[in-house]
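What follows is a short report on a single structure.
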Amino acid sequence: AQKITQTQPGMFVQEKEAVTLDCTYDTSDPSYGLFWYKQPSSGEMIFLIYQGSYDQQNATEGRYSLNFQKARKSANLVISASQLGDSAMYFCAMRELMYSGGGADGLTFGKGTHLIIQP
Amino acid sequence: SQTIHQWPATLVQPVGSPLSLECTVEGTSNPNLYWYRQAAGRGLQLLFYSVGIGQISSEVPQNLSASRPQDRQFILSSKKLLLSDSGFYLCAWIAGTYEQYFGPGTRLTVT
């Protein structure tokens, strides 16, 4: 079974609108971290936001917020007031911490969502 | 500050030729290092990780290998490339729980 599922292969959004990118995950590890990355056409992976499984509050970083619903195993990324520069691929990723040797074995990524912001 | 370097940035190689991609990090010591591959239009797949010099763990069987000859150097190699080895290769350094840094990547095309 997939550990990270991103069900939106592509999205078109009007500039200045809010965007929600979906991510669900599957793990039996009680301790894990959830990440969102942005990958523009240049290929670089840009870290956006992190949520720990024990964090009580949803993470926020500027225009980015993570809507963490633990019981539903959901970690959606919300981008407020979208800009043309937000057009890129967005990846959700997870790092399991307890059952995987302290997380030394890296991140598991979803297949990504291609977001296009239209003027 | 921490920095990851990768080279070359792009590479075109014929099938059956050898491969060597290099990753070096600055600004830290004894980092956990990772090689990921991204096929066209896909997410990232973890290939190898290393928690120290000479310590390599492989996630998927393939004709690639990795080595860590120095604390801040991580090398991805192949003796004979396959067409399926084409992709975007990213080196990453993970320090702590959420400090994830990726290098600029190497775009490999096997012809």
Side-chain angles (χ1 to χ4, degrees), chain A residues 2-10 21 23 25 29 31-55 59 61 64 66 68 75 88-98 100-114, chain B residues 1-11 21 23 30-52 55-60 66 68 74 76 86-109:
Chain A
Q2 286 187 7
K3 287 195 172 183
I4 298 289
T5 303
Q6 294 181 254
T7 57
Q8 305 152 311
L21 304 180
C23 174
Y25 59 93
D29 195 329
S31 182
Y32 52 90
L34 296 159
F35 306 79
W36 276 93
Y37 286 87
K38 173 183 178 180
Q39 187 180 41
S41 56
S42 61
E44 61 181 317
M45 292 291 286
I46 302 169
F47 167 72
L48 295 178
I49 197 166
Y50 166 84
Q51 180 85 42
S53 58
Y54 293 118
D55 292 343
E61 289 286 347
Y64 304 107
L66 199 152
F68 182 46
M89 284 291 292
Y90 288 81
F91 292 98
C92 179
M94 177 174 64
R95 188 180 184 195
E96 295 166 301
L97 298 173
M98 184 171 291
S100 61
D105 55 350
L107 303 179
T108 301
F109 283 82
K111 293 184 177 180
T113 295
H114 189 192
Chain B
S1 63
Q2 303 86 358
T3 307
I4 300 184
H5 301 281
Q6 284 186 247
W7 61 88
T10 59
L11 192 59
L21 303 181
C23 167
N30 197 30
N32 289 348
L33 296 174
Y34 304 80
W35 278 111
Y36 291 88
R37 176 172 62 198
Q38 184 179 28
R42 304 287 296 275
L44 275 67
Q45 178 188 34
L46 180 65
L47 300 176
F48 299 95
Y49 67 94
S50 170
V51 299
Q55 301 178 65
I56 308 295
S57 296
S58 174
E59 285 294 302
V60 292
R68 187 163 174 183
F74 203 22
L76 183 70
S86 292
F88 190 52
Y89 288 81
L90 286 155
C91 178
W93 156 41
I94 294 181
T97 303
Y98 54 88
E99 295 174 52
Q100 325 282 336
Y101 299 97
F102 282 84
T106 294
R107 209 165 290 279
L108 171 66
T109 304

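Quick caveat, the model's predicted, so the values are computed rather than measured. Each chain gets a letter, A, B and so on, in the order the sequences are listed, and its residues count up from 1. Just the heavy atoms: all of them, side chains too, but no hydrogens, waters or symmetry mates, feed the values below.
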Gap separating the OH atom of B/Y36 from the CZ atom of A/F109, nearest 0.5 angstrom: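 Interatomic distance, B/Y36 OH to A/F109 CZ, rounded to 0.5 Å: 5.0 Å.
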Pairwise distance CZ(B/F88) to CD(A/Q39) - rounded to 0.5 angstrom: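 The CZ atom of B/F88 sits 6.5 Å away from the CD atom of A/Q39.
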Residue B/L90 versus chain A: region with a heavy atom under 4.5 Å: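 Side chain of B/L90 only, per the 4.5 Å heavy-atom cut-off to chain A.
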Closest heavy-atom pair and its distance - B/I94, A/L107: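 What the structure gives for the nearest pair is CD1-CG, 4.4 Å.
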A/F91/B/Q38 under side chain to side chain contact (heavy atoms under 4.5 Å, CB included): CA gap, chis, key distance, verdict: CA-CA 12 Å; A/F91 292 98; B/Q38 184 179 28; 3.3 Å; yes
Chain B contact via A/T108 - which portion, at a heavy-atom distance below 4.5 Å: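 The answer is neither part of A/T108.
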By side chain to side chain contact (heavy atoms under 4.5 Å, CB included) - contacts of A/H114 (at least two apart):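 Per chain and number, A/H114 pairs via side chain to side chain contact (heavy atoms under 4.5 Å, CB included) with A/M89, A/I116.
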